[in-house]
Enquirer: 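Sharing a structure with you now.
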Amino acid sequence: MESALFSPHIIKGVTLKNRIVMSPMCMYSCFEEDGKVTNWHLTHYTSRAVGQVGLVMIEATAVKPEGRISPNDLGIWDAAHVEGLKQLTHQLHKNGSHAAIQLAHAGRKSQVEGAIYGPSPIAFDHKSRVPIEMTKADIDDVIQAFALAARRSKEAGFDIIEIHSAHGYLLNEFLSPLTNKRTDEYGGNLTNRYRLLKEVIDAVKSEWSGPLFVRVSANEYDNQGNSIENYVQIAQMMKEQGVDLIDCSSGAVIPTRFDVFPGYQVPYAETIKRNAHIQTGAVGLITTGIQAEEILKNGRADLIFIGRELLRNPYWPKTAAQELGVTVEGPGQYSRAW
Ligand SMILES: Cc1cc2nc3c(=O)[nH]c(=O)nc-3n(C[C@H](O)[C@H](O)[C@H](O)COP(=O)(O)O)c2cc1C
């Protein structure tokens with residue numbers, strides 16, 4: 001039996017050696033609070049490349065300093081960030097993986113000191129600060145920051161860019177009627193709420209011709225929020241703009257709790273793939289090779305994003321291959337054990 005998980009995947013001219021993607025996960029390890037890559041990042045990400053992950057995606061990386069979730073986030077708001085990121089992509093490539101970066105702005109969920117920004121002056125919860133309602137000039141500034149970040153991602157040698165539009169961060173806040181109460185052209189109906197993401201995608205594409213992914217929260221877990229049907233529409237609009245893959249996560253737009261169980265977000269990847277006819281990534285409590293194989297072989301998603309299981313086991317691809325009875329190449333240095 002041919003394994004789907006270990007089959008190569010070509011996306012816009014980039015050939016990934018397998019379908020395993022390391023899901024973006026903040027490490028809060030810029031200890032100097034300067035957004036620069038540290039030894040932690042080099043060790044942590046390179047280990048997963050050694051472990052044979054096809055595509056290693058670097059955590060949410062802030063396009064503006066006030067767009068960091070915490071002061072310890074990675075950044076790409078300054079030319080001085082490129083050098084460390086370049087070292088990182090070099091290590092990933094040398095160890096046989098492709099490299100992706102998730103470009104992010106935390107919006108009203110930023111916990112850095114100073115002013116925080118959002119579409120409307122509504123705090124995330126009672127412990128959070130009220131964001132400043134962004135002016136058109138603030139919006140233009142963020143769009144420009146994403147474009148510059150895309151240019152720097154290219155300079156740093158990344159193969160793929162993902163725009164973070166999930167988990168209640170800035171772009172998600174504009175998309176959702178729960179957080180966007182604006183009355184200008186960036187608020188109101190879906191077309192207007194999509195406008196910022198649309199302009200960010202265009203700005204990124206003006207600097208970047210490689211594969212482009214967008215992560216969304218395809219379920220906002222609130223009747224008044226965007227539905228999966230809305231997200232199918234949003235995915236169709238993204239496809240028209242030339243986005244290559246939708247990475248389907250959910251939640252965190254507002255502080256609601258929801259049920260999580262193995263594969264709980266896979267139906268969103270499947271629905272968007274089938275109805276918007278665009279490639280999707282599945283993520284969320286996918287921990288075994290069999291589970292990944294089922295998702296791919298049933299045509300429910302194109303790539304499998306693994307988060308916490310890769311924190312527990314950087315060699316998860318080897319574990320999954322063993323489970324599926326297939327062989328996966330390992331680093332030569334480990335040949336006596338692999
Ligand atoms: C420590 C940690 C940090 C995370 N940081 C990010 C992030 O930077 N960007 C993002 O989109 N999701 C982030 N997530 C969510 C993961 O990418 C993933 O979607 C989630 O953990 C569910 O997948 P899993 O069950 O395989 O862990 C983070 C998750 C964890 C555990």
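Whatever order the structure lists ligands and atoms in, that order sets their numbers, starting from 1.
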Enquirer: Any idea which atoms of ligand 1 are less than 4.0 Å away from a heavy-atom of V283?
Expert: 18 (C), 19 (O), 23 (O)

Enquirer: Under a 4.0 angstrom heavy-atom cut-off, which atoms of ligand 1 come close to H167?
Expert: 10 (C), 11 (O), 12 (N)

Enquirer: To which of R312, M22, M25 does the heavy atom nearest atom 28 (C) of ligand 1 belong?
Expert: M25

Enquirer: Counting distance only, does the side-chain N/O of R193 pair as donor-acceptor with the main-chain N or O of G188 below 3.5 Å?
Expert: yes

Enquirer: Test your reading of the structure: does H164 have an N or O sitting under 3.5 Å from an N or O of ligand 1?
Expert: yes

Enquirer: Out of all atoms in ligand 1, which are within 4.0 Å of some heavy atom of L285? Include the element for each.
Expert: 24 (P), 25 (O), 26 (O)

Enquirer: Do the side chains of K64 and D141 get close enough for a salt bridge, i.e. N-O under 4.0 angstrom?
Expert: yes

Enquirer: To the nearest 0.5 Å, how far apart are OG in S7 and CG in L16?
Expert: 10.5 Å

Enquirer: So if I count the atoms of ligand 1 from 1 in the order they appear, which ones are less than 4.0 Å from some heavy atom of G284?
Expert: 22 (C), 23 (O), 25 (O)

Enquirer: Measure up the Y45 and H41 rings against each other and bin them: parallel (under 30°), tilted (30 to 60°), perpendicular (over 60°).
Expert: parallel

Enquirer: Identify, by atom number and element, the atoms of ligand 1 in contact range of A60, meaning under 4.0 Å from any of its heavy atoms.
Expert: 8 (O)

Enquirer: Checking a contact table here: which protein heavy atom is nearest atom 14 (N) of ligand 1, and how many Å away?
Expert: P24 O, 3.4 Å

Enquirer: May I ask you to identify the nearest protein heavy atom to atom 26 (O) of ligand 1, giving residue, atom name and distance to one decimal place in Å?
Expert: G307 N, 2.9 Å

Enquirer: What residue and atom, counting heavy atoms only, is the protein's closest point to atom 5 (N) of ligand 1, and at what distance?
Expert: C26 N, 2.8 Å

Enquirer: Where on E309 is there a heavy atom closer than 4.0 Å to ligand 1, on the side chain, on the backbone, on both, or on neither?
Expert: neither

Enquirer: What about I116 and I122, same hydrophobic cluster or not, with Ile/Leu/Val/Met/Phe/Trp/Tyr joined at side-chain heavy-atom distances under 4.5 Å?
Expert: no

Enquirer: Anything under 30° is parallel, anything over 60° is perpendicular, the rest tilted; go ahead and classify Y334 against Y315.
Expert: perpendicular

Enquirer: Give the C-alpha distance, both sets of side-chain angles, the deciding distance and a yes or no for side chain to side chain donor-acceptor pair (under 3.5 Å) between S176 and E220.
Expert: CA-CA 8 Å; S176 176; E220 299 183 352; 2.8 Å; yes

Enquirer: Can you tell me which portion of M27 lies within the under-4.0 Å heavy-atom range of ligand 1? Options are side chain, backbone, both, or neither.
Expert: neither

Enquirer: Any protein heavy atom lying closer than 4.0 Å to atom 20 (C) of ligand 1?
Expert: no

Enquirer: Which of the atoms of ligand 1 are close to S23, meaning less than 4.0 Å from one of its heavy atoms?
Expert: 16 (C), 17 (O), 18 (C), 19 (O)

Enquirer: Can E294 and R300 be counted as an ion pair, charged N to O under 4.0 angstrom?
Expert: yes

Enquirer: Would you mind reporting whether V63 and L148 have side-chain heavy atoms less than 4.5 Å apart?
Expert: no

Enquirer: Answer with yes or no whether A166 contacts ligand 1, where contact means a heavy atom under 4.0 Å from a ligand atom.
Expert: no

Enquirer: Select the closest option to atom 24 (P) of ligand 1 among E162, Q265, R215, R308, judged by heavy-atom distance.
Expert: R308

Enquirer: Provide the number and element of each atom of ligand 1 under 4.0 Å from a heavy atom of Q102.
Expert: 7 (C), 8 (O), 9 (N), 10 (C), 11 (O)

Enquirer: Yes or no on side-chain contact (heavy atoms from CB on, under 4.5 Å) for F174 and L197, after CA distance, side-chain angles and deciding distance?
Expert: CA-CA 8 Å; F174 271 80; L197 178 55; over 6 Å; no

Enquirer: Are E155 and R152 within salt-bridge range, i.e. N to O under 4.0 Å?
Expert: no

